[in-house]
There are 2 protein chains.
Amino acid sequence: MTNNGAQAVDRAAQLLTLVVQADEPISFTELYEDSGLARSTTSRLLAALETNHLLERDANGAYRSGALFALYAARHDPWSQVARLADSILRDIGAETGETVNLAIPSGDTVVQIAQVDSTYMLGARDWMQVTVPAHCSALGKVLYAFDALALPSGRLEQLTAHSLSTSDELTSQVATIRRVGYAVTREELEIGLDAAAAPVYGSNGDVIAALGVSGPSTRMRDNLDELGPLLRKHGDALSQLLRRRNRTKGVA
Amino acid sequence: MTNNGAQAVDRAAQLLTLVVQADEPISFTELYEDSGLARSTTSRLLAALETNHLLERDANGAYRSGALFALYAARHDPWSQVARLADSILRDIGAETGETVNLAIPSGDTVVQIAQVDSTYMLGARDWMQVTVPAHCSALGKVLYAFDALALPSGRLEQLTAHSLSTSDELTSQVATIRRVGYAVTREELEIGLDAAAAPVYGSNGDVIAALGVSGPSTRMRDNLDELGPLLRKHGDALSQLLRRRNRTKGVA
DNA sequence: AATGGAGTTCCATATTATGAAACAATCGGA
DNA sequence: TCCGATTGTTTCATAATATGGAACTCCATT
């Protein structure tokens, strides 16, 4: 075993990580069993984490994240933290596709971008960070409708181009396919010459909380949408995995 | 020096706490100097915290809170974390006064309770957690107006009792006093027989983000408002202190 | 009353964390 | 361009600590 002079810190951090990732109270015994450490070592390290406000115990003695985590969370918008966690994944997608990558969340009945990686091409999608668009015209929006993160609209829909969906029946029809294949696409529905694909991102309790998408000129995108969809689904799953609670009863797939 | 078998963990946690409390990038040298540890020890412990996703380094090598904090914050509402951090302070005020204690934040143009400790008396203020009241009728609301957390209303104001403020001029007049003394009071302005006091809570960047208040029957409260105000200001300062960024340039008063 | 489980404390000792010194890289001033 | 100072990293002898098995405490169940 190599010694980098921080074994105790590594072990304590391992226990801490189990608690933060579980995101619900976790017993001493569960931590002892999952960590593989001796009982006395586990007890001592947990006591140190508690003393330093990284963990605390509930009324039943189970452990949960401590005040230092609460302090950090009190000062930071959850969505910007999701964007931060997603950053390397967005960059990977950008590197793989060269196109503009976005992460978006539902807000009321619209879609809001919370992170973007710009295209490496000179002809690329604009900065959508401050732009609100009709959800049914975007791949990101279609995903959020399909996975119940946005309520489906009714009646006639605003058409931004001749290719836009025009009725809620058209949208409802696509929703079933999107749920089945696990991604959505738009072909010049938001703007002539602009195509996009998007896939869902699940939060810690299994609901879809965001959509991960790529957009770019139809001339480059059109023939690749059938590959982009699965790629985005894969990366959406990876981000979902980061956000998912991890403990024994639910497992890490 | 007593040995509880966790000195390395305590030291690592001390460094981690400096970074999380600073809430902006902090250099190796600053951490080394503030911690009192040897350079090599500081370097090794920071590397271990980085490896375990508790810290990360920015492009300039400065340290900031790591992905585990981002994960926690991504999953938790900031306001509920503020309430959690405030919990022991609310309980202290409840113990000292016996009255109902509330923590409230601005939401749009109203006041929303985010935490409450109930009165120990049988005659106590109701559970306000789900109730929206006109801000100008509550001590909490007056504090949020006075410290720019809520925009001052104009024109005539809704009067819930004969004692309620009826014009924005009346409110504006009180605002100057509230700013000067550091707390607000209401005397049967929300409901006949109900008095209250409140003081501001500052967030990490110096703005008022919440108000901390006590309410109860006028028969018990009326003669004590001049003591409750300063008490709430003191506890509001303590909570502000918990939330404030702490680093060298700003100091910890 | 006995037993088993959850969790804590003790302490001999094996192992690790420590910090001074050396080193490397960078920056600013002359 | 050179030099000194500063920032940060790595090495390694050794002092100090973290370890884990055993014993213990407390509690719930039979």
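Every heavy atom of this structure was used, including side-chain atoms; hydrogens, water molecules and symmetry mates were not. No experiment lies behind these values; they were computed from the predicted model shown.
- Comment: B:R64 engages B:E56 in a salt bridge, judged by a side-chain N to carboxylate O separation of less than 4.0 angstrom.
- Contact check, B:T41 against C:dA17: no side-chain N or O comes under 4.0 Å of OP1 or OP2.
- Remark on DNA chain D: of its neighbouring residues B:R44 and B:R39, the 5'-side contact belongs to B:R39, judged by nearest-heavy-atom nucleotide.
- One interatomic measurement links the two molecules: CG of A:L46 to P of D:dT19, which rounds to 12 Å at whole-angstrom precision.
- A:Q116 and A:D118 share a donor-acceptor pair across their side chains, judged by distance under 3.5 Å alone.
- Remark: the B:T29 side chain and the D:dG8 base include no donor-acceptor N/O pair separated by less than 3.5 Å.
- Atom pair B:F28:CZ and C:dT26:P shows a separation of 17 Å (rounding to whole Å applied).
- Taking 4.0 Å as the cut-off between side-chain N and carboxylate O, A:D148 and A:R179 count as a salt-bridged pair.
- Distance A:Y32 OH to D:dG20 C1': 10 Å, rounded to the nearest Å.
- Residue B:R11 is in sugar-phosphate contact alone, with no base atom involved, counting any heavy-atom pair closer than 4.0 Å across all strands shown.
- Dashed line: the shortest gap from a side-chain N or O of B:R57 to OP1 or OP2 of D:dT9 is under 4.0 Å.
- Between the CD atom of A:E50 and the P atom of C:dT8 there is a distance of 9 Å, rounded to whole Å.
- Computed from coordinates, the A:L31 CG to C:dG5 C1' distance equals 16 Å when rounded to whole Å.
- Side-chain atoms of B:S40 stay outside donor-acceptor range of the base of C:dA21, with no qualifying N/O pair under 3.5 Å.
- Between A:V9 and A:S27, the residue anchored closer to the 5' end of DNA chain C is A:S27, taking for each the nucleotide with the nearest heavy atom.
- Taking atom CG on A:D10 and atom C1' on C:dT15, their separation rounds to 15 Å, with Å as the unit.
- Between the P atom of D:dG8 and the CG atom of B:L37 lies a distance of 15 Å, rounded to the nearest Å.
- Contact annotation: the side chain of B:L16 approaches that of B:F69 to within less than 4.5 Å [non-hydrogen atoms, C-beta and beyond].
- For the pair A:I26 CD1 and C:dG7 C1', the computed distance is 15 Å after rounding to whole Å.
- A sub-4.0 Å separation between OP1 or OP2 of C:dG7 and a side-chain N or O of A:S43 is absent.
- Between A:D237 and A:R233 no salt bridge is recorded (no basic side-chain N to carboxylate O distance below 4.0 Å).
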